4 protein chains.
Amino acid sequence: MSSELLRVGVIGAGRIGKVHAGTLSSMVPGVRVAAVADAVPEAARQLADACGAEKAVRDHREILEDRTIGAVVICTSTDTHAALIEESADAGKHIFCEKPIALDLDKIDAALAAVERNRVVFMVGFNRRYDAGNAGLRETVRSGAIGVPEMCLISSRDPMPPPAGYVRLSGGMFLDMTIHDFDLSRFLVGDEPEEVFARANCLVDPAIGEQGDIDTAMVTITFKKGALCHIDNSRRAVYGYDQRAEVFGSKGMASTTNIHENNVIVARAEGYSRPPIQNFFMQRYIAAFQEEDRVFAECVREGKEPPAGGKDGRAAALMCYAANKSLAERRPVRIEEVDNHSSKSPF
Amino acid sequence: MSSELLRVGVIGAGRIGKVHAGTLSSMVPGVRVAAVADAVPEAARQLADACGAEKAVRDHREILEDRTIGAVVICTSTDTHAALIEESADAGKHIFCEKPIALDLDKIDAALAAVERNRVVFMVGFNRRYDAGNAGLRETVRSGAIGVPEMCLISSRDPMPPPAGYVRLSGGMFLDMTIHDFDLSRFLVGDEPEEVFARANCLVDPAIGEQGDIDTAMVTITFKKGALCHIDNSRRAVYGYDQRAEVFGSKGMASTTNIHENNVIVARAEGYSRPPIQNFFMQRYIAAFQEEDRVFAECVREGKEPPAGGKDGRAAALMCYAANKSLAERRPVRIEEVDNHSSKSPF
Amino acid sequence: MSSELLRVGVIGAGRIGKVHAGTLSSMVPGVRVAAVADAVPEAARQLADACGAEKAVRDHREILEDRTIGAVVICTSTDTHAALIEESADAGKHIFCEKPIALDLDKIDAALAAVERNRVVFMVGFNRRYDAGNAGLRETVRSGAIGVPEMCLISSRDPMPPPAGYVRLSGGMFLDMTIHDFDLSRFLVGDEPEEVFARANCLVDPAIGEQGDIDTAMVTITFKKGALCHIDNSRRAVYGYDQRAEVFGSKGMASTTNIHENNVIVARAEGYSRPPIQNFFMQRYIAAFQEEDRVFAECVREGKEPPAGGKDGRAAALMCYAANKSLAERRPVRIEEVDNHSSKSPF
Amino acid sequence: MSSELLRVGVIGAGRIGKVHAGTLSSMVPGVRVAAVADAVPEAARQLADACGAEKAVRDHREILEDRTIGAVVICTSTDTHAALIEESADAGKHIFCEKPIALDLDKIDAALAAVERNRVVFMVGFNRRYDAGNAGLRETVRSGAIGVPEMCLISSRDPMPPPAGYVRLSGGMFLDMTIHDFDLSRFLVGDEPEEVFARANCLVDPAIGEQGDIDTAMVTITFKKGALCHIDNSRRAVYGYDQRAEVFGSKGMASTTNIHENNVIVARAEGYSRPPIQNFFMQRYIAAFQEEDRVFAECVREGKEPPAGGKDGRAAALMCYAANKSLAERRPVRIEEVDNHSSKSPF
C-alpha cells in the first residue's frame, strides 16, 4: 500500500493529540488525518477543523469502524491506553500510542497480546529517539566509534513541576517522566537492564510530596553486559528544559546537549552570556515529533517494525516498576523481580 | 481586513517560489495561496497542486486581474522583478519580491515609484533579517547592551559555487550574494553606509573568473557615524554554509554563529569532533523564511511598514554598485558616487 | 611570622614530591625548600639540587630535628602517612600531607589526634579544590547564584589505568581515585554526606579485577539536607583526563569542564574537530598545585585553618569506606555505619 | 655550547623586562640571568635581586663587555632598540629584541646589517607566534589540512586604551599594536603581503585623536598568491583582551579563540553566563612568553634561525608603513611603495 494515502484517526484531542494531528496533517506526506475523536465533542470538532479532518466524533468506535482509516493515534489519558490498544488492534488498525502503554503490567501484556494476534503495527511514543541529537548519538554508538559502551549518563530535567493534580494520575515521576530516560538508556546502550537503584527526594514542591511523589531523583542502572547508567531528574530547572545524554566507551565518549533559544552570545565587562535553552518540550522536540510521525507512517506503509514497539514500551515500564520498588525498599532491584510474567511472557 | 483570509498569488514556480508557496500555504495562519503563475505551465500546475492553490496560470496577469487576490509574491528571475513590481503595484496588489529589486538603479527607482504612487505594501526578500540569531543580534544592539556600535564583522560563505551559467545572469557576486550581507550590515549597525572598499579574487573556480566574476571577497564599509564593517565571502566553504555575524561596541560585543547538523560531540584519542554545520540555505534559513512570510502577511493585514522595504532594497543595491566600482577602480568608493539620482530620488 | 621566609622540608622525592618541591621553590614567594628526605639517597640528592635545597637526607628525622624548618610536606607512600604526621606534629612542624591520610580509620584518628594536641597547621592534598574551575564553581554555589543545591554530578576519569602492582597497594579505586571526588562533592554541595551507594565493574583491565579491584564505577551520595550527588569514574578515558563537575540548584545550574590542549578548531567537509583535552594530571592541575602550595604557605604564615584539613581528609575516607561496603553488600550504606568511632571521635 | 649554561643580560627593567627576566631565570632550564641594566639604577637592582642576577648596572655597556654573557634581551623603549642591536651585535652578543626593531626603516636596516655582519642570532619579540593556539593554527595550515589559504581573519582588541602620553611615543597604533597582527598574518598565511588597505577612526578616546592617532581600525591585506586577510583592532574591548584568528582555505577552515578566566558556566532563568576572557596580556600570553624565551635560548645554543628574525621584524614594519600611508592617502598601498630600499636591501 506504499503509494496510497494513509488515513489516520486521532483519538484524544488534548495537548499531545494536537501535536500529532498537526504534524500528521501538514508535515508528513502521504498521510491524512481523517477523523478526530474526543469525549468532549467541541474539542474533537476544533481539532478536526484545524487539521482538515472530515469527521469529529465523540466515540472512538466510529473511527475503529471506518474501513477507510488504516491507523489510529492514541493520545488519551494513560488509564485508557491499554483498552484502546486492544480495541484498535482487534479492529485491524495499526496503532501509535503515547507512552506509557499502561501503569499496570497485566494491562500492558494484554494490550500487546492483542497487537500480536492481529499482527498490526504498534509504535509507542518515545519521541526522544527521533531527536537528531539522540539519534546521532545512537548512530555513533552503533558505528563502534566509541567502542564498547561502559557508562551512560542522562540528565533530564523539566522546566517546571506539573500541578499536583496531574501528579496523582500520572503514576508517579518514574512512570510519567523517567520512562523516557529509561527508554533512552536502552536505546543508547544497546543492551538490556539487569538492575535498578533509585534514590529520590521531594525538594522542589511540597505539594508533590503530599501526593506521595518525588521531584528530584537519581537512578543507577546496571546493564547485562556490565555497562552502568546514571539518570538524574528534576521537576524544575529554572534555566529551561534540560535534556542531555552521554555514552562513554572503550574507545571514546559521545554526547548530545541542549539547544539555546538562539545563537547570540553577548560579551560585556561582567562576562559572556547566552539566552536560556529551549524551555518547552514542544519547542525542543518539535522536529522529533515530526520525524516520529513520519516514521510511524513509513512503518505502516511498508509493514516495518517500528524503532520503539511493544517490547520497548514494556521494558521501559519494568524499569519504572523496579525504580519504584528500589525507592520503597531502599535497595537495588533486579528487573526480573518486577516482571511477574517473566517466565511466560513472550515479549 | 485583519481577520479575513489573505489570498496570495505566487509568481514564479522555481526553487524559491516553492519555498514561499510551501511556507505560506502550510505555516502561516490566515493565508491561502490562491494561484501560481509560471511561464512553464507544468511547473505552475505542480506547485499549485502541492500547495492547494485553485489556479495555475501561465500569465501572471491572470493573478493581477483576480480581485480576490490581495498580494503577490514575486519569485521569478531577477531581470523580470522591476516590471512585475510596477504591474503588480498598479494592479493594487501588495508585493513581496525576492532580492534584488533589479540590477539597474533606474529600474529600481521606477519600481519603487510605482509602489509609492499606489501605496501598496512592498517587502523585499532579505530573509536573513528573520533568522533568530540575526534578529536576536539586532535586538541586542538596539537595546544598548553593547553600547554604540563601532565595528561589525560578517562572514558569509556558500557551501559550493554556482554553475558558471548562473554567474553570468546573476549580476556578479556582490549583487547575487553579498547583497544579503550589505543589507545585514545596515540592519545590524543601524546606520547608513558612506563608503565601500572591496578587494576580491577568483580563487575557487576559474570558470567564474572567465565570466568576469569573482568568488572570494573582502569588503570594508565605513558607516556615517564612524562604525567600520568587514564582510568576507567565499563561494566555497567545504564545511558547510558558513553564516556568522558580530557587532562590537563601546560596552561589549555580540555575535551569532552557525548551527551544526546535530548536537553530537564525539571524543576519541585523536580529539573531539562535531558534525558539519548545516549545508543548504533552505535547511539553515527554513525558520527565517517562515518568519519572513508570516511578517509579510502581518504587514499586509495591518498596513504596517515591512522591516525590509523598498528603501532597504535600494540601499543594498547601491552598496553593491559601490563595491563593483571599488573593485574596478581599486579605491574606496563613496555611496553618493553611485547614486546617480541622489539629488532627486525620494528614497 | 608573616614576613619571614618559610623553610620547608619535603619528605618523599617521588613524582608528587617533585611537584611540590618544584612549585614551592620557584612559584611560591616567601618559601624555601630547605631539605629533601627520601629513603633512596640519590633521589633525595637529585631533587634537593633541582630545587636548590641545602640538605638531602635519608632519614626524615633530620628534617624534624631541624629547628629552622617550619613545615613539612609529606609525599611518601600512603602506608607511611599516618606515622609521619604523628612524628611531624610532635616535632611541632606544620604539615601538608598528600591524600589519603591513611587507609585505616584508626590510623587517621591517631594522626589527627597528634595534630590536635600539637596545634599545628594540617592540610591534606585535595588539589582539585584549588583548580580555578572547581573554586569558581564552589564560589558560585556559595554566592547563592544557583539557590539551594539539590543535585551534584562529578565525572572523573583517568586517561589510562595504573599498573596492576600499583592497584594492590592503593587501597582500591575508591581510596585511590574517588577520594578526590568524594572531597569535591562535600566542597561543592557544602553539606555532609549521609549515605553512599556504589555500583562498579571491572571493564577496562582484567588484571585490575584479578587484584580484587574495579575500574568503572558509579556512586550515588545522599547529603544530609537532601541533595543527591552522582560520581562516575573510569580508569581509562582514551580522549584525556576527563574532569567535570556540575551543581544543580533551586535557582539554576553551574558547571565546570575540561581544558583542551589548545584552542584550535578545524572545520572540514567531514565536520569540526578540536584537539583532545589535557591528558596528564600535572598538565591539567599544574596551576591548582601552585595555588595549593601557596595557600598552605599562607595558612602556616597566618595561622589560618586550611581549606582542606584533617576533618576533610577523614570525611572523604569515610565515604570511601562506605562505598567499599556498599559494593560488597550490594546496598546503600550510611556513613555512620563505617564511622566506628563516631560516638567518641572529636572530628 | 649546547650543555653549557647560557648567561643572559637583560637591558631595560620595565614591565616587559620583568617578564623576560622572570621567565628566563625560573622557567627556562639552562639559562641564567647574569645581569640587568637600566638607566634607573634602583630598577636594575630590584629586578636583579628578583631574578637572582649577579650584576645590576646602569650602563648596558657593562653587559656588552662581560665576556661571560652570551646573549642580551633588549626591553628598552622603542627609540633605543636599533642602536642597542648594533652595539650588541658588534659586541658579539646574540640578541632578543622586543618589537618593533625601530620606527624608521633606515634604522631597521642598519640594525639588521650589524646582525648580519656579526653573524649573531637575532630574534624579534613577536610573542604571539608561541601561543599554543596560534602555533597550532599555523601547524594546521602548514599540514595542508585546510588546503590552500584563501582568507585570513584576525581580531585583536586591547582591553583598554593606553594613556595618551604613551600613544605619542609609540609610533601610532599600527606600529604599536597592529604590528603583532601583521606578523601573525604572514605567519598564518605563509605568504608575503603585496598590498595593504587601512580604514580607521578615533571612536574610543578623543585624547588619542588629539595625538593624531586612531583607536579603531580595519585593514585588508592582499597576499602575493591571492589570499586576502582582514585585521580589526580596537583599543578598548570591555569584555577582555580579545585575540582571535582564523584561516580559511580550499579544504576547510581553522580558528583559535580566547581563554576565559575559568571554565565555569552558570545557567539561570535569564540565560547562561561565563566569566570574561583573560584581560591582561601577561595572563593571556604568559605561556607564550615562556615558550618564546625557551626558543630563544634553544636558537642561541644550537645556532638555529629563530622563528621570528630580522626579516620578519622588517616585513611587519613595512606593513605598518603601508597601512599608515593607506590611511593618509585613502587608497590601497603596495608594500613596494614603502620599501625605499627594496632594490638594494639584502633582507
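All of these numbers come straight from a predicted model, not from anything done at the bench. A, B, ... follow the sequence lines: proteins, then strands. Residue 1 opens every chain. When reading the values below, keep in mind they use all heavy atoms of this one structure, side chains included, and skip hydrogens, waters and symmetry mates.
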*Heavy-atom pairs under 4.5 Å with chain C, option from A:Lys251, A:His230, A:Met253 with the top count*: A:His230

_Region of A:Cys229 in contact with chain C, defined by heavy-atom distances below 4.5 Å_ = backbone

*Out of A:Leu228, A:Asn201, A:Ile146, which one racks up the most heavy-atom pairs below 4.5 Å with chain C?*
A:Leu228

*Which of these, C:Thr216, C:Asp232, C:Asn233, sits in a side chain to side chain donor-acceptor pair (under 3.5 Å) with C:Arg157?*
C:Asp232

*Run through C:Gln243, C:Arg138, C:Arg284 and flag the one making a side chain to side chain donor-acceptor pair (under 3.5 Å) with C:Asp131.*
C:Arg284

*Given a strict heavy-atom distance threshold of 4.5 Å, which part of A:Asp215 is in contact with chain C: side chain, backbone, both, or neither?*
neither

*Heavy-atom pair count under 4.5 Å with chain C, highest-scoring of A:Arg331, A:Glu195, A:Arg236, A:Lys225*: A:Arg236

*Verify the distance criterion only: is there a donor paired with an acceptor across the side chains of C:Tyr241 and C:Gln283 at less than 3.5 Å?*
no

*Of all of C:Val148, C:Thr222, C:Asp242, which one pairs up most often with chain A through heavy atoms under 4.5 Å apart?*
C:Thr222

*Which bit of A:Thr220 is near chain C, if near means a heavy-atom gap under 4.5 Å: side chain, backbone, both or neither?*
side chain

*Checking side chain to side chain contact (heavy atoms under 4.5 Å, CB included) against A:Gln278, which of A:Ile259, A:Ile286, A:Asn262 comes through?*
A:Ile259

*Is the C:Phe174 ring parallel, tilted or perpendicular to the C:Phe182 ring (thresholds 30°, 60°)?*
tilted

*Run the side chain to side chain contact (heavy atoms under 4.5 Å, CB included) check on A:Ile335 and A:Met319 step by step: do they pass?*
CA-CA 7 Å; A:Ile335 293 295; A:Met319 296 171 85; 4.0 Å; yes

